There are 2 protein chains.
Amino acid sequence: MVKNNFSHLCCPVARSMDVVGEAWSMLVLRNLMLAGGTGRFDQMVEELGISRNILTERLKRLETEEIVSKQPVQEGGRRMEYKLTAKGWELMPIMIGFAQWFDRWRPDPERSPLTFLDRRDNQPIQPLRVLSHDGRPLGPADILPVSDDQ
Amino acid sequence: MVKNNFSHLCCPVARSMDVVGEAWSMLVLRNLMLAGGTGRFDQMVEELGISRNILTERLKRLETEEIVSKQPVQEGGRRMEYKLTAKGWELMPIMIGFAQWFDRWRPDPERSPLTFLDRRDNQPIQPLRVLSHDGRPLGPADILPVSDDQ
DNA sequence: TGCTTTAGTTGTTTTTTGCAACTAATATTG
DNA sequence: CAATATTAGTTGCAAAAAACAACTAAAGCA
């Protein structure tokens with residue numbers, strides 16, 4: 001069995017799955033995002049309940065994809081921390097999208113949702129939406145996917 | 001080994017991963033979305049290159065989560081097709097988010113990106129962004145995640 | 001009726017995961 | 001500064017999941 005890889009599908013969604021299409025990868029990123037962008041190995045093991053060998057592997061992958069970087073906690077020290085890169089931070093809308101989606105269809109209404117506030121005024125953010133170039137909200141039926149090549 | 005499940009993490013992102021946190025699930029959804037919302041078993045096997053047993057399992061899961069429904073192609077017939085539900089369609093922003101994210105950081109610029117057009121005027125849609133209640137684009141540093149319970 | 005298509009199921013092999021124990025280097029504390 | 005604790009992994013093993021191929025049964029079609 002060859003390691004699961006979707007390069008036969010040229011679609012960028014498939015290619016994204018190659019990189020972050022595994023639950024633990026997304027959860028590592030979630031953890032970093034909610035922690036302000038940095039995290040330590042053992043802290044992630046504890047908070048996520050992920051196996052150490054799996055975390056090791058996922059972090060390596062995320063590092064080679066330049067989604068996180070590994071650097072000393074303090075200048076010159078040798079204790080490391082993992083830090084989201086700009087590329088990693090740009091997955092935040094997707095993370096928020098998952099949170100909002102789940103909460104919209106949440107099966108257990110006892111638990112209250114995870115909300116996201118604008119730090120400036122403490123107002124909740126808008127639900128993630130697809131917008132036309134001039135700002136109209138678009139539904140699935142309004143959107144035409146176009147693959148330019150081939 | 002117990003089946004991977006993230007219910008110990010109450011976070012809605014983790015709970016989403018329980019449902020669609022596996023690459024093939026997302027790719028099945030992508031395929032349905034790009035095909036207008038419906039698809040047949042064999043067609044998915046061929047287009048995705050997914051193993052039949054795995055597709056069977058993923059579709060069952062998506063069905064129990066009411067992300068897709070299974071129904072006869074024509075009234076009364078017994079040939080089935082899988083169809084995105086409203087809950088499934090609401091993952092489209094996330095799908096678009098993945099496509100845009102990958103294309104923004106695309107390592108192989110030869111292949112051109114997957115773009116999404118507004119059917120009304122054929123203009124490309126906006127990049128997916130997080131917006132404040134009054135419509136300002138927010139970056140990660142502007143957003144405060146708040147978990148209401150506990 | 002006979003051939004083809006569809007939508008799976010079953011069995012086997014290979015990979016990946018989860019878990020626990022271990023390690024080596026670095027920090028902390030008395 | 002010696003002893004202890006913490007950190008960031010690595011290794012080995014058992015179990016689960018994935019890939020692959022072959023098979024099946026019902027439906028559709030000619």
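Just so it is clear, the model here is predicted, and its values are computed rather than measured.
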_Taking the basic N atoms (NZ, or NE/NH1/NH2) and the acidic carboxylate oxygens, is any pair closer than 4.0 Å for Arg136(B) and Asp142(B)?_
no

*Are Trp24(A) and dT17(C) close enough that a side-chain N or O sits under 4.0 Å from OP1 or OP2?*
no

_When you measure from the side-chain N and O atoms of Lys70(A) to the phosphate of dT7(D), is any distance below 4.0 Å, counting only OP1 and OP2?_
no

*Whole-Å distance between dT6(C) P and Asn53(B) CG?*
19 Å

*Arg52(B) side-chain N/O to dA21(D) phosphate OP1/OP2 under 4.0 Å*: no

*asked:* In whole Å, I'd like the distance from the NZ atom of Lys60(A) to the P atom of dA8(D).
replied: 15 Å

*Please tell me which of the listed nucleotides, dT17(C), dG8(C), dA19(D), lies nearest to the side chain of Ser51(B)?*
dA19(D)

*Would you find a donor on one side and an acceptor on the other, under 3.5 Å apart, between the side chain of Arg119(A) and the backbone of Ala141(B)?*
yes

*Is the phosphate of dG8(C), meaning OP1 or OP2, less than 4.0 Å from a side-chain N or O of Tyr82(B)?*
yes

_Side-chain donor/acceptor of Glu65(A) to backbone N/O of Ile67(A), under 3.5 Å_ = no

*Using Watson-Crick and G-U wobble pairs with both distances under 3.5 Å, what is the 5'-to-3' dot-bracket string of DNA chain D, with [ ] for crossing pairs and | for pairs outside the strand?*
||||||||||||||||||||||||||||||

*Rounded to whole angstrom units, what separation is found between the CE atom of Met80(A) and the P atom of dG9(D)?*
8 Å

*Neighbour count >12 (heavy atoms, 6.0 Å) for atom CD, Glu66(A)*: no

List, one per line, each side-chain donor-acceptor pair under 3.5 Å for residues 89-103 of chain B, sequence neighbours excluded.
| unit_1 | atom_1 | unit_2 | atom_2 | d |
| --- | --- | --- | --- | --- |
| Glu90(B) | OE1 | Arg104(A) | NE | 2.5 |
| Glu90(B) | OE1 | Arg104(A) | NH2 | 2.9 |
| Glu90(B) | OE1 | Trp105(A) | NE1 | 3.2 |
| Gln100(B) | OE1 | Leu128(B) | N | 2.8 |
| Gln100(B) | NE2 | Gln126(B) | O | 3.3 |
| Trp101(B) | NE1 | Lys87(A) | O | 3.0 |
| Asp103(B) | OD1 | Arg106(B) | NE | 2.8 |
| Asp103(B) | OD1 | Arg106(B) | NH2 | 2.5 |
| Asp103(B) | OD2 | Leu114(B) | N | 3.1 |

_Checking side-chain contact (heavy atoms from CB on, under 4.5 Å) between Val20(B) and each of Arg61(B), Arg58(B), Met26(B), which is the one that passes?_
Met26(B)

*Tell me whether Leu131(B) is reachable from Val130(A) by hopping between hydrophobic residues (I, L, V, M, F, W, Y) whose side-chain heavy atoms are closer than 4.5 Å.*
no

_Between Arg40(A) and Tyr82(A) (side chain of the first, backbone of the second, donor and acceptor by atom type, cut-off under 3.5 Å), is there such a pair?_
no

*Are the side chain of Asp118(A) and the backbone of Arg120(A) linked by a donor-acceptor contact shorter than 3.5 Å?*
yes

_Counting primed atoms plus P, OP1 and OP2 as sugar-phosphate and everything else as base, spell out the protein contacts along nucleotides 25-30 of chain D at 4.0 Å heavy-atom distance: B, S or - for each nucleotide, 5' to 3'._
--BS--

